[in-house]
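To keep things clear, I will list the structure first and then write my remarks on it.
Because only heavy atoms are used, hydrogens play no part in the values below, and waters and symmetry mates are left out as well, while side chains stay in. As the structure lists them, so they are numbered: ligands from 1, and atoms in each ligand from 1. One is the number of the first residue; the rest follow in order along the sequence.
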Amino acid sequence: MTQMTIIAAAGAAIPAQPFAGRHLIDGAWHDSATGETFERRSPAHDVVVSRSALGAEAEARAAIAAARRSFDSGVWSRASGKERATVLLKVAALIEADVERMALIETLESGKPITQARGEISGAADLWRYAAALARTMHGDSHNTLGPDMLGAVIKEPIGVVSIITPWNFPFWILSQKLPFALAAGCSCVVKPSELTPSTTAMLGGLLIEAGLPAGVVNIVLGYGPAVGAPMTTDPAVDMVTFTGSTAVGKAIAAAASGTLKKVALELGGKNPQVIFADADLDSAADAVTFGVYFNTGQCCNSGSRIIVHEDVAEALVARVVALSRQVAFGDPLDPRTQVGAIISQQHQGRIDGCVRDAVAAGAEVALGGAPMTVPGLAGQFYQPTVVRGVTPDMAIAREEVFGPVLSVLTFRTLDEALALTNDADYGLSAGVWSENVHTCLAFCRRAQAGTVWTNTWMDGFPELTFGGVKQSGQGREIGPYGLEEFLEVKTLVMRIGRSRAPWVKTL
Ligand code: NAD
């Protein structure tokens, strides 16, 4: 492909020794009982960057038992909000002090640009800080309208032991959407990061110890889904599973957890539409579309991968997006100028390419890119910025997650048609609307089936604003006050004042 911006190998030093990850169980670091380990190679540089203890069922069960003991002991579950907040704030400060070390390994394991990794790690520290505030301000309800001799209260208690299972695309950020909120609620946790990106989660274990979190409250087990994740979803000692990942694994987890009726919170995939009306500010929309599709190499649940644009402006918008795509810096994630890094694995690269080929075979047209690419000096896998137009709603590329830097463009004529296309999806994670007419925007927001609707913007997020999906994008919510509620159980207290209760047993 001609005319695109490629950042060649930066020559930045990669640590000579891979990061060594171990399990954190009951406050102590452990190798696996078998002594086995697994390696992660950088997807951009193709060198070993971490070597982790390979967990199995034994480690998962030990971690669950430690979490159960710590929860039942009350050491954290009955600690005051002030005590919990104090530890969470210390963790936030320790994360901030460690941004460089954590961002480097996050980049090396995931292939994301180093500037983005730095932003995600320091942004995650803010999630810990926000959760600390919730730990001190959460409360239940009181009812004093039940009569002069009655008082009712609904109190909130931690749900118990929580299994946290996370994916590879935002390893530390997604962990921080869950763990500090579970801890603010008073839960004990078992965490399993993705086998592709285990290291920042293991690093966090060290920071939790340093911050003074009692032993057993957070346990970390490294390894693969079937060996480590599966027991975390079936063990009777676990009260809740919170999972972020693919819809297929999410469904399997919901089924596995049903055997013991655990609460299940799921953050799954998306096929997120950005709807662009003819009166939209096309320059702003084109820039946001370009950002939405290439951010994190499109390996993003919130990827704005489905553009639904009004016929009158479709050509102009596609031309702008293609021109902008050529300016986006693809290449070595260790170069601070790089905006888009590597693809997570060769197998995934093949899947992305297959989606584009299938779309072309179904009659779509590639307006830009559409093939793997090489970055001078790097042995890893990269994919060209790709725009596919002439997509129809029935094509797989319009319906399924590609999870790569690939944009599909569909067109519409009326608001009703745009909404029908928006809602014609199994997913319902997020959606966007671009128009200068407030009535058009509000009508769209009210009728779009999505957990988040962005208006004249894309992918802005704040700790205060909750996040989650409808339909097959998941169940439950993360961050914001609702994110805390997920980890709380409510208990009703009914209290009589005095001896006013009339006897039930009558003397006949
Ligand atoms: P994945 O489903 O393959 O794996 C996610 C995690 O589940 C990993 O830790 C994996 O080891 C574990 N796992 C696999 N099988 C398991 C099993 N049987 N039992 C328990 N755990 C198991 O997902 P991925 O490829 O790591 O991530 C990509 C997916 O995540 C995409 O579909 C993306 O849309 C989704 N995602 C969603 C959100 C969101 O907030 N909605 C955010 C990020 C990613």
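Using a 4.0 Å cut-off between charged nitrogen and carboxylate oxygen, Glu267 and Lys178 do not count as a salt-bridge pair.
Side chains of Phe330 and Thr338 form no contact here, defined as non-hydrogen atoms less than 4.5 Å apart. Contact check for Thr386 versus Tyr383: side-chain heavy atoms found under the 4.5 Å cut-off.
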Do any side-chain atoms of residues 395-409 form donor-acceptor pairs under 3.5 angstrom with protein atoms, and if so which ones, sequence neighbours left out?
residue	atom	partner	partner atom	Å
Arg399	NH1	Pro393	O	2.8
Arg399	NH1	Asp424	OD2	3.2
Arg399	NH2	Asp424	O	3.4
Arg399	NH2	Asp424	OD1	3.0
Glu401	OE2	Gly270	N	3.2
Ser408	OG	Ile397	O	3.2

Listed pairs under 3.5 Å, donor-acceptor, residues 444-453 side chains, sequence neighbours left out:
residue	atom	partner	partner atom	Å
Arg447	NH1	Asp416	OD1	3.3
Arg447	NH2	Asp416	OD1	3.0
Gln449	OE1	Lys471	NZ	2.7

Which N or O atoms of ligand 1 sit under 3.5 Å from a protein N or O, and how far apart is each pair?
residue	atom	partner	partner atom	Å
ligand 1	2 (O)	Ser246	N	2.9
ligand 1	2 (O)	Ser246	OG	2.6
ligand 1	9 (O)	Thr166	O	2.8
ligand 1	9 (O)	Lys192	NZ	3.1
ligand 1	11 (O)	Lys192	NZ	2.8
ligand 1	11 (O)	Glu195	OE1	2.7
ligand 1	11 (O)	Gly225	N	3.4
ligand 1	23 (O)	Ser246	N	3.4
ligand 1	25 (O)	Trp168	NE1	2.8
ligand 1	26 (O)	Trp168	NE1	3.2
ligand 1	30 (O)	Gly245	O	3.2
ligand 1	32 (O)	Glu401	OE1	2.9
ligand 1	34 (O)	Glu401	OE1	3.4
ligand 1	34 (O)	Glu401	OE2	2.5
ligand 1	41 (N)	Leu268	N	3.2
ligand 1	41 (N)	Leu268	O	2.6

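Under the side-chain hydrogen bond (donor to acceptor under 3.5 Å, both in side chains) criterion, no residue pair touches residues 339-349, with sequence neighbours excluded.
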